[in-house]
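Below: the structure, in structure tokens.
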Amino acid sequence: MGTVSLGLERITKRFGSVTAVQDFSLKVEEGEFVSLLGPSGCGKTTILRCIAGFERPDTGQVYLYGQVVNDVPPERRDVGMVFQTYALFPNMTVGQNIAFPLMIKGSPKVEQRQRVAELLDLVQLRGLEERYPRQLSGGQQQRVALARALAKRPKVLLLDEPLSALDAKIREELRIEIRRIQTTLGITTIYVTHDQEEALSISDRVVVMNQGIIQQVGSPAEIYKRPATLFVARFVGTNNLFQGKIGEGGRFLWHDHVFRVDDAIKWPSGIQAVLAVRPAAMGLATSQTDVPSGANVMLGRIEPLTFLGSIVRVSLRVQGDEMIRVDLPAEATAGLSLGQQVYVYFSPEAGVIVREQ
């Protein structure tokens, strides 16, 4: 493990009778990009505010480069923060907004101008330094907010849902820019979002939270491919969830079906569990002879098909009234129709077992 720039040790924070964060522990390496992902009210922003110094944990310690900073005020912590609302000064130009932290610090004017010029180049706003926030687009305002947070060369950058107010196209462009800037500077970054695509596309690691508790920490691939809890399986992406029981020898029992599941081998037989299978890992066949050898199979009846661009999501009723989804290339759905009975299949290695909660 490299240098730990940020450490959170058993952080608990309450607001009255509400526990916003409970026993939260995390170590972040220098230069790492970590996203806190979860639904509204799960404690993501509370953790960010504890790191920044705007909230003090009821219990636990916040470390910056090995030093406990619980009692250090925000202005003396070596962090920069970008707020969801940008919080730009409307009466200041772009250049003045970016220079503001340096002005408060008492940096010489020459240093301020030089740093502003560097940051304008970094966030690709050169030539707009004399404009006011009202003269900028939402995406440009967010770049100014990012540049201002970086002005003092902080060791840790905190971003609180910075793209939530922007439209989808601008969000996609800016998240690429944020990752480019973070990589260029090598700055440790904590990014708060409820958007799974954002978290999975730009992070080194993702921390999935629910009700103030960490559900799973891992790389984007680990979080997506191997959810550790039922909450993660439900929250991250789309999963077909089969509630059943572990059988003998890598079997999973679901109603009157016995599925062969490689992941079931490591679980004790007899326990209640949930089998999670991604829609893209499942296939359809109109004839049982077209089902691949060794695949798990069940009968389904097609419900409406949903066009999603390069794929079509096929909804099916199986085992009476349960609904599952299968994602297929658009061209593979040409012969399918509403109400048609088909064979739904998936391979033994496609599923992941999680404990029923």
Side-chain angles (χ1 to χ4, degrees), residues 12 18-26 34-44 46-47 192-200 203 205-248 250-282 296 298 300 313 315-327 344 346-357:
T12 294
V18 177
T19 301
V21 175
Q22 182 176 335
D23 203 27
F24 185 105
S25 295
L26 182 70
V34 175
S35 287
L36 307 183
L37 172 66
S40 296
C42 74
K44 309 182 298 292
T46 299
I47 284 294
V192 161
T193 182
H194 63 270
D195 188 307
Q196 303 163 31
E197 188 176 334
E198 273 183 22
L200 296 177
S203 308
R205 283 192 298 158
V206 178
V207 180
V208 183
M209 298 178 63
N210 185 40
Q211 297 181 341
I213 298 171
I214 292 178
Q215 296 287 311
Q216 186 173 357
V217 181
S219 69
E222 290 168 343
I223 296 292
Y224 187 82
K225 294 179 180 179
R226 300 205 61 82
T229 68
L230 186 55
F231 174 82
V232 178
R234 284 175 169 157
F235 184 75
V236 179
T238 301
N239 260 312
N240 294 304
L241 302 174
F242 302 90
Q243 293 183 301
K245 185 168 64 173
I246 303 294
E248 297 286 347
R251 263 56 174 183
F252 182 82
L253 313 179
W254 180 69
H255 296 297
D256 56 352
H257 291 272
V258 180
F259 296 140
R260 291 188 306 108
V261 180
D262 291 352
D263 196 47
I265 295 171
K266 65 186 182 184
W267 293 84
S269 62
I271 67 167
Q272 297 296 315
V274 176
L275 170 64
V277 186
R278 296 286 182 189
M282 306 187 83
N296 298 298
M298 67 195 104
R313 177 158 293 168
S315 299
L316 304 107
R317 295 281 178 185
V318 297
Q319 192 63 38
D321 199 41
E322 295 202 35
M323 181 76 76
I324 66 170
R325 290 147 295 186
V326 179
D327 289 347
V344 188
F346 62 96
S347 66
E349 63 266 21
V352 177
I353 301 292
V354 294
R355 286 295 297 266
E356 194 172 88
Q357 295 173 320

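Numbers here simply count residues along the sequence, with the first being 1. Just so you know, these numbers use all the heavy atoms, side chains as well, and skip hydrogens, waters and symmetry mates.
- The shortest heavy-atom contact between Thr193 and Ala199 is CG2-CB, 3.9 Å.
- Taking a 6.0 Å sphere around CD of Glu322, one finds it holds more than 12 heavy atoms contributed by other residues, nucleotides or ligands.
- Closest approach of Met282 and Ile324 over heavy atoms only: CE-CD1, 4.1 Å.
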- Could you go through the side-chain contact (heavy atoms from CB on, under 4.5 Å) check for Leu230 and Leu241 one step at a time? CA-CA 9 Å; Leu230 186 55; Leu241 302 174; 4.1 Å; yes
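- Taken to the nearest 0.5 Å, the CZ atom of Arg325 stands 8.5 Å off from the CG atom of Asn239.
- Closest non-hydrogen pair, Ile246 versus Trp267, comes out as CG2-O, 3.8 Å.
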Kindly list each side-chain donor-acceptor pair under 3.5 angstrom involving residues 220-228, sequence neighbours excluded, with atom names and distances?
| residue | atom | partner | partner atom | Å |
| --- | --- | --- | --- | --- |
| Glu222 | OE1 | Ser219 | N | 2.8 |
| Arg226 | NH2 | Asp263 | OD1 | 2.5 |
| Arg226 | NH2 | Asp263 | OD2 | 3.4 |

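- Using modelled atom types, no side-chain atom of Ser35 and backbone atom of Val206 make a donor-acceptor pair closer than 3.5 Å.
- Ring-plane geometry between Phe242 and Phe259 is classed as perpendicular, the angle between the planes exceeding 60 degrees on a 0 to 90 degree scale with a lower cut at 30.
- Glu197 pairs by the side chain to side chain donor-acceptor pair (under 3.5 Å) definition with Arg175, not counting sequence neighbours.
- A 4.5 Å side-chain heavy-atom check between Val192 and Ile47 finds every atom pair outside the cut-off.
- For the pair Phe235 and Pro39, the tightest heavy-atom approach, listed with the atom from each and the gap, is CZ-N, 3.7 Å.
- The closest side-chain heavy-atom distance from Val236 to Leu200 is below 4.5 Å.
- With a 4.5 Å cut-off on side-chain heavy atoms, Met323 and Ser315 count as touching.
- Under the 4.5 Å side-chain criterion, counting only non-hydrogen atoms from C-beta, Thr238 is in contact with Arg313.
- With rounding to the nearest 0.5 Å, the separation of CZ in Phe231 from CD1 in Ile213 is 11.0 Å.
- Using a 4.5 Å heavy-atom cutoff, the side chains of Trp254 and Val318 are in contact.
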- Item | Derivation of the side-chain contact (heavy atoms from CB on, under 4.5 Å) call for Gln319 and Asp256 | CA-CA 9 Å; Gln319 192 63 38; Asp256 56 352; 3.1 Å; yes
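- For the pair Asn296 (side chain) and Arg260 (backbone), a donor-acceptor distance under 3.5 Å is present.
- A donor-acceptor contact shorter than 3.5 Å is absent between the side chain of Gln216 and the backbone of Val208.
- By the 4.5 Å heavy-atom criterion applied to side chains, Met209 and Phe24 are counted as neighbours.
- The stretch residues 268-277 participates, sequence neighbours left out, in these side chain to side chain donor-acceptor pair (under 3.5 Å) pairs: Glu248-Ser269.
- Distance check: Leu37 CG to Lys44 NZ gives 7.5 Å after rounding to the nearest 0.5 Å.
- With hydrogens and angles ignored, the 3.5 Å screen pairs no side-chain donor or acceptor of Arg355 with any backbone N or O of Val274.
- In plain terms, the two heavy atoms of Asn240 and Arg278 that are nearest each other are ND2-C, 4.3 Å.
- Between the CG atom of Leu316 and the CE atom of Met298 there is a distance of 9.0 Å, given to the nearest 0.5 Å.
- Of all heavy-atom pairs spanning Cys42 and Asn210, the tightest one is CB-CA, 4.0 Å.
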